[in-house]
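Below you'll find the structure, written out as structure tokens, and then a few comments.
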There are 2 protein chains.
Amino acid sequence: MTDGRSRRREDTRQRLFVAAVELIAEQGFSATTVDDIAARAGVAKGTVYYNFESKTVLFEELLRHGIGLLTADFRAAVDGLPPREALAALVRAELEYIRRYRAFAQLLLSEMWRTNREWQQTLRLLRGEAIEVIAETVRSGVASGDLPADLDVRTASSALFGVGLVVAVDWLVFQPDRPIEDVQEALLGIVRRVAQT
Amino acid sequence: MTDGRSRRREDTRQRLFVAAVELIAEQGFSATTVDDIAARAGVAKGTVYYNFESKTVLFEELLRHGIGLLTADFRAAVDGLPPREALAALVRAELEYIRRYRAFAQLLLSEMWRTNREWQQTLRLLRGEAIEVIAETVRSGVASGDLPADLDVRTASSALFGVGLVVAVDWLVFQPDRPIEDVQEALLGIVRRVAQT
DNA sequence: GTTTTTATACTGACCGGTCAGTTTAGAAGT
DNA sequence: ACTTCTAAACTGACCGGTCAGTATAAAAAC
């Protein structure tokens, strides 16, 4: 498992993920060629197909990997916290994640609301898993009276998820000079006000 | 200029716009073929090239047309209103626009934050024009004391623009059964709270 | 501990299909 | 008459995917 071979392979896969994520974030899935990905990762084209069944499967595994990390961060963030604090922790976790994996966040924002693509089903499912963590928090907050009773859990959860994405990526793309703390503070302020009972 | 011939031509261009917008919203620019667009518009492929210089130019003109309409709606919405009311009117106008041109909104959301594409410059410019209308409102609101003094005009304006997009499109894609009035009300509630001095 | 074998990881030229864009001769609309 | 559109064939670049062959590290055989 940790012998030289599988470590080498895992390393190659990781490099391919990184290359693919950057290129797809910039250009989109269709505009990114397998040759591009291979070149940026510093491997031959055949290596891509040795490690992944197809371009689509590479992308799907990439999505699974990336959103899996986000979901894990979400779970860790809310662990044991009361609803109001958990909500703030979620916002912080999301922005922290976006800061660390900016290209992946950009990619998500661009591909999240597409329809009629092969990998759409996969993405929809993964999105659901991440949002479910938010929804659990909102639900328990509404139940305990910590959050407004008239809050629609589903809408609020997906709105929270999407708003964090769009505000953060907009900041990354259009005003990267601004410190992220400002964005985080602004977003927290918004969420705090909206969460007022 | 308004003779039968140019009207006919304008009609064809319109049909091509509609076809292109729907397909690109679903699949993205690169995954959409010119043959697809021609077929959906019910014209011959040659007609596409009779009316537009290239696929890219078609898309750029599409962006100009679509965002031009949005900017005009924005201007009409804020006309003569005091800042706070103008802000609410902007939200209403944006959602109204998205409801009418849902495919274009979806397309915008997917292509807005891309980098390294030929038409990126065009889109950036057009985005700026639309957001400038919002910014003017926010700026005068801050100046007159109707809006919080610590509000960063640039961030607030682009956030407002992006949030409307993402919340509305998310609703369109993931919970289309929900009436838009709910979404509008929720968004207005958020903006109202955030705009509180 | 040196040689031989095997499994795994990678290479890059190549193939078949796809797609943007062109061309052409003519039909239809105004 | 003039503009707009059609239909269909064609070109050439590009791209996803394949495959015969190479490299390398670990294991087996000696």
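Naming: A, B, ... by sequence-line order, numbering from 1 per chain. Since this is a predicted model, take the numbers as computed values, not measurements.
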Does a nitrogen or oxygen in the side chain of Thr12(A) sit under 4.0 Å from OP1 or OP2 of dC10(C)? yes

For Phe59(B), all residues meeting ring-ring contact (aromatic ring centres under 6.0 Å, His included), sequence neighbours excluded: Phe29(B), Trp119(B)

Do Glu129(A) and Thr71(A) pair up side chain to side chain, a donor and an acceptor below 3.5 Å, judged on atom types alone? no

Students should find that the end-to-end axis angle of the helix from dG1(C)-dC30(D) to dT30(C)-dA1(D), with five pairs defining each axis and rounding to 10 degrees, is 20°

Rounding to a whole Å, what distance do you find between Asp11(B):CG and dC5(D):C1'? 13 Å

If the condition is side chain to side chain donor-acceptor pair (under 3.5 Å), which residues does Glu118(A) pass it with, not counting sequence neighbours? Thr56(A)

Acceptor/donor pairs from residues 178-190 of chain A side chains to any protein atom, 3.5 angstrom cut, sequence neighbours excluded:
residue	atom	partner	partner atom	Å
Arg178(A)	NE	Thr155(B)	OG1	3.3
Arg178(A)	NH1	Asp152(B)	OD1	3.3
Arg178(A)	NH2	Asp182(A)	OD2	3.2

As a test of reading the structure: which of dG12(C), dC5(D), dT8(C) is closest to the side chain of Tyr50(B), going by heavy atoms? dC5(D)

Measure from CZ on Arg9(B) to P on dA28(C) and round the result to the nearest Å. 21 Å

Quick note, ring pair (Phe, Tyr, Trp, His ring centres under 6.0 Å) partners involving residues 139-169 of chain A, not counting sequence neighbours, are none

To the nearest Å, give me how far apart CD (Glu10(A)) and C1' (dA9(C)) are. 13 Å

When you check the phosphate oxygens OP1 and OP2 of dT4(D), does a side-chain N or O of Asn51(B) lie under 4.0 Å from one of them? no

Using the test side-chain contact (heavy atoms from CB on, under 4.5 Å), find all partners of Ala77(A) that sit at least two apart in sequence or belong to another chain. Ala89(A), Ala93(A)

May I ask you to say what Val43(A) touches in the nucleic acid, namely base, sugar-phosphate or nothing, with a heavy-atom cut-off under 4.0 Å? sugar-phosphate

Arg13(A) CZ to dT8(C) C1', in whole Å, measures 15 Å

Just by protein heavy atoms under 4.0 Å, how would nucleotides 13-19 of chain D read 5' to 3' in B, S and -? --SBBB-

dA9(C) phosphate, OP1 or OP2, under 4.0 Å from Thr47(A) side-chain N/O: no

Partners meeting ring-ring contact (aromatic ring centres under 6.0 Å, His included) with Phe17(B) (sequence neighbours left out): Phe52(B), His65(B)

Any residue meeting side chain to side chain donor-acceptor pair (under 3.5 Å) with Trp113(B), in chain and number order, not counting sequence neighbours: Asp170(A)

Please determine, by modelled atom types, if Thr33(B) and Asp35(B) share a side-chain donor-acceptor pair under 3.5 angstrom. no

